[in-house]
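Take a look at the structure below.
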Amino acid sequence: MPLRHEPDVSQAAWFIDSGDAWRRLCSIGPSGFARYVRLFHPPRPGDDLTDPEHLQDLEGHLDDDVLQTLVGVLARHTNSPEDCFFGLWDGFGDIHGSPSVGMLQAEPLHRRLFRRRRNASSPTIPPAFAPEVIAGPRVRIPARDYLLFRGPLDMAGDWGAADLMPGKPRRLNSPNLIWPADHTWFVSTEIDLPWTGVGGSAALIEDLVSAQGLEVQEVEPRDDLPYSRFG
């Protein structure tokens, strides 16, 4: 079963009302955890990690393999792995369908010419979610609004989104916020950063540091952590 929409956004009040700056909340997480790390998004072959243009391609999203490795570590440090919350930034065009997102279709030239003669339009893409989700309440911090979902931690990123069109699955972003019902840790993937912030217990951070497939750097949390891993 995919994640289910959670309309009760008061589930986020514990960090929204913490008094922490919005930049901190969406990048490294709320105050109060023992330790924090930056988890760097892995580069692609040929990427120059000193080049801002290459770093921009790594912003705001965790690859499936990295997300699943992270989830596996996080699950060992909560008593509620079956009850977690997931925030998805509502500014992604793929969430809203046409005209925010379109689809190019490869087809023979004679069919394209025939379509033009008939003034055929490109296919309409439906929203990713039901109207009550799209129009529903948001987790709101200054400058960022999130749709809220709930479910098991190991379903992270399985939004249950509608296909772009029959037979064409829709791939949405990885979660931008994750936390368990017992609030033992917090994960923030800010849309404009090439790394993900994690706050939690000392045991969790030690586990992340030693995990295979994750590149992490322990940091002192603040509102203006460097953009680059070299900052």
**Asked** Taking only residues two or more places apart in sequence, or in another chain, which ones meet Trp89 in a ring pair (Phe, Tyr, Trp, His ring centres under 6.0 Å)?
**Response** Phe92
**Prompt:** Are side-chain heavy atoms of Pro81 and Asp154 found at a separation under 4.5 Å?
**Reply:** no
**Asked** Counting distance only, does the side-chain N/O of Asp83 pair as donor-acceptor with the main-chain N or O of Ser80 below 3.5 Å?
**Response** no
**Complete:** Test side chain to side chain donor-acceptor pair (under 3.5 Å), reference Arg229, set Gln217, Glu215, His41, output is Glu215
Would you tabulate the side-chain donor-acceptor contacts of residues 197-208 under 3.5 Å, counting partners in other chains and residues two or more places apart, or write 'none'?
from, atom 1, to, atom 2, distance (Å)
Ser201, OG, Leu204, N, 3.1
Glu206, OE2, Arg35, NH1, 3.0
Glu206, OE2, Arg35, NH2, 2.9
Asp207, OD1, Arg76, NH2, 3.2
Asp207, OD2, Arg76, NE, 3.1
Asp207, OD2, Arg76, NH2, 3.2
Asp207, OD2, His77, NE2, 2.8

**Request:** Give the intermediate values and the outcome of side-chain contact (heavy atoms from CB on, under 4.5 Å) for residues Ile178 and Trp185.
**Result:** CA-CA 9 Å; Ile178 313 175; Trp185 43 255; 3.8 Å; yes
**Intermediate values then yes/no, side-chain contact (heavy atoms from CB on, under 4.5 Å), Tyr227 and Glu59** = CA-CA 10 Å; Tyr227 175 81; Glu59 291 176 345; 2.7 Å; yes
**Request:** Compare all side-chain heavy atoms of Leu39 with those of Val66 and state whether any distance is below 4.5 angstrom.
**Result:** yes
**Message:** With a 3.5 Å distance limit and no angle check, can you tell me whether Arg138 reaches the backbone of Val9 through a side-chain donor-acceptor pair?
**Reply:** no
**Asked** Who passes salt bridge (charged side-chain N to carboxylate O under 4.0 Å, His left out) against Asp65, sequence neighbours left out?
**Response** none
**Fill in**
Closest non-hydrogen contact found for Leu3 with Gly151 is CD2-CA, 3.9 Å
**Message:** Testing the basics here: between Gly60 and Asn173, what is the closest heavy-atom pair and its distance to 0.1 Å?
**Reply:** O-ND2, 2.8 Å
**Message:** So does Ala143 get a backbone contact from the side chain of Trp22, meaning a donor-acceptor N/O pair under 3.5 Å?
**Reply:** no
**Message:** Do Leu88 and Trp159 have side chains that approach each other closer than 4.5 Å (heavy atoms only, starting at C-beta)?
**Reply:** yes
**Prompt:** Judged by atom type as modelled, is there a donor-acceptor pair below 3.5 Å linking the side chain of Ser174 to the main-chain atoms of Leu62?
**Reply:** yes
**Prompt:** Do Leu177 and Val187 come within less than 4.5 Å of each other through their side chains, counting heavy atoms only?
**Reply:** no
**Message:** Is there a path of hydrophobic side-chain contacts, each under 4.5 Å between heavy atoms, that joins Phe230 and Val216?
**Reply:** yes
**Request:** Indicate yes or no: at least one non-hydrogen side-chain atom of Cys26 is less than 4.5 angstrom from one of Ser188.
**Result:** no
**Prompt:** Got a second to check how far His5's NE2 is from Phe129's CZ, nearest 0.5 Å?
**Reply:** 9.0 Å
**Least distance between heavy atoms, Ser18 atom then Leu25 atom** = OG-CD2, 4.1 Å
**Message:** Under a 3.5 Å cutoff, is there a donor and acceptor pairing between the side chains of Asp20 and Ser31?
**Reply:** yes
**Message:** Do Leu147 and Ile95 have side chains that approach each other closer than 4.5 Å (heavy atoms only, starting at C-beta)?
**Reply:** yes
**Complete:** ring pair (Phe, Tyr, Trp, His ring centres under 6.0 Å) filter on Phe85, not counting sequence neighbours, yields Trp179
**Message:** Between Glu190 and Arg144 (salt bridge meaning N to carboxylate O under 4.0 Å), is one present in this structure?
**Reply:** yes
**Item:** N/O donor-acceptor pair under 3.5 Å between Asp48 side chain and Thr50 backbone
**Value:** yes
**Pairs meeting criterion salt bridge (Lys or Arg N to Asp or Glu O under 4.0 Å) with involvement of residues 7-16, two or more places apart** = none
**Request:** Please assess Asp47 against Leu58 for the test side-chain contact (heavy atoms from CB on, under 4.5 Å), listing each intermediate value before the final yes or no.
**Result:** CA-CA 10 Å; Asp47 276 350; Leu58 307 179; 3.9 Å; yes
**Prompt:** Between Leu153 and Phe86, what is the shortest heavy-atom contact and its length?
**Reply:** CA-CZ, 3.9 Å
**Prompt:** Going by heavy atoms in the side chains, are Tyr36 and Phe186 under 4.5 Å from each other?
**Reply:** no
**Prompt:** How far apart are the closest heavy atoms of Arg170 and Ala162, and which atoms are they?
**Reply:** NE-O, 2.8 Å
**Item:** Heavy atoms of other groups near Glu132 CD, more than 12 under 6.0 Å
**Value:** yes
**Message:** I'd like to know if Asp224 and Arg23 make a salt bridge, using a cut-off of under 4.0 Å between side-chain N and carboxylate O.
**Reply:** no
**Request:** Would you name the heavy atoms of Leu55 and Ser228 that are closest together and state the gap between them?
**Result:** CD1-CB, 4.2 Å
**Asked** Heavy-atom distance under 4.5 Å between the side chains of Lys168 and Asp163, does that happen here?
**Response** no
**Fill in**
Sorted by chain and residue number, the ring pair (Phe, Tyr, Trp, His ring centres under 6.0 Å) partners of His61 (sequence neighbours excluded) come out as none
**Request:** Verify side chain to side chain donor-acceptor pair (under 3.5 Å) between Asp182 and Thr78, making sure each step is shown before the conclusion.
**Result:** CA-CA 7 Å; Asp182 62 6; Thr78 173; 2.9 Å; yes
**Item:** salt bridge (charged side-chain N to carboxylate O under 4.0 Å, His left out), paired with Arg171, selected from Asp94, Asp64, Asp158, Asp63
**Value:** Asp64
**Asked** Would you call Arg140-Asp90 a salt bridge at under 4.0 Å N-O?
**Response** no
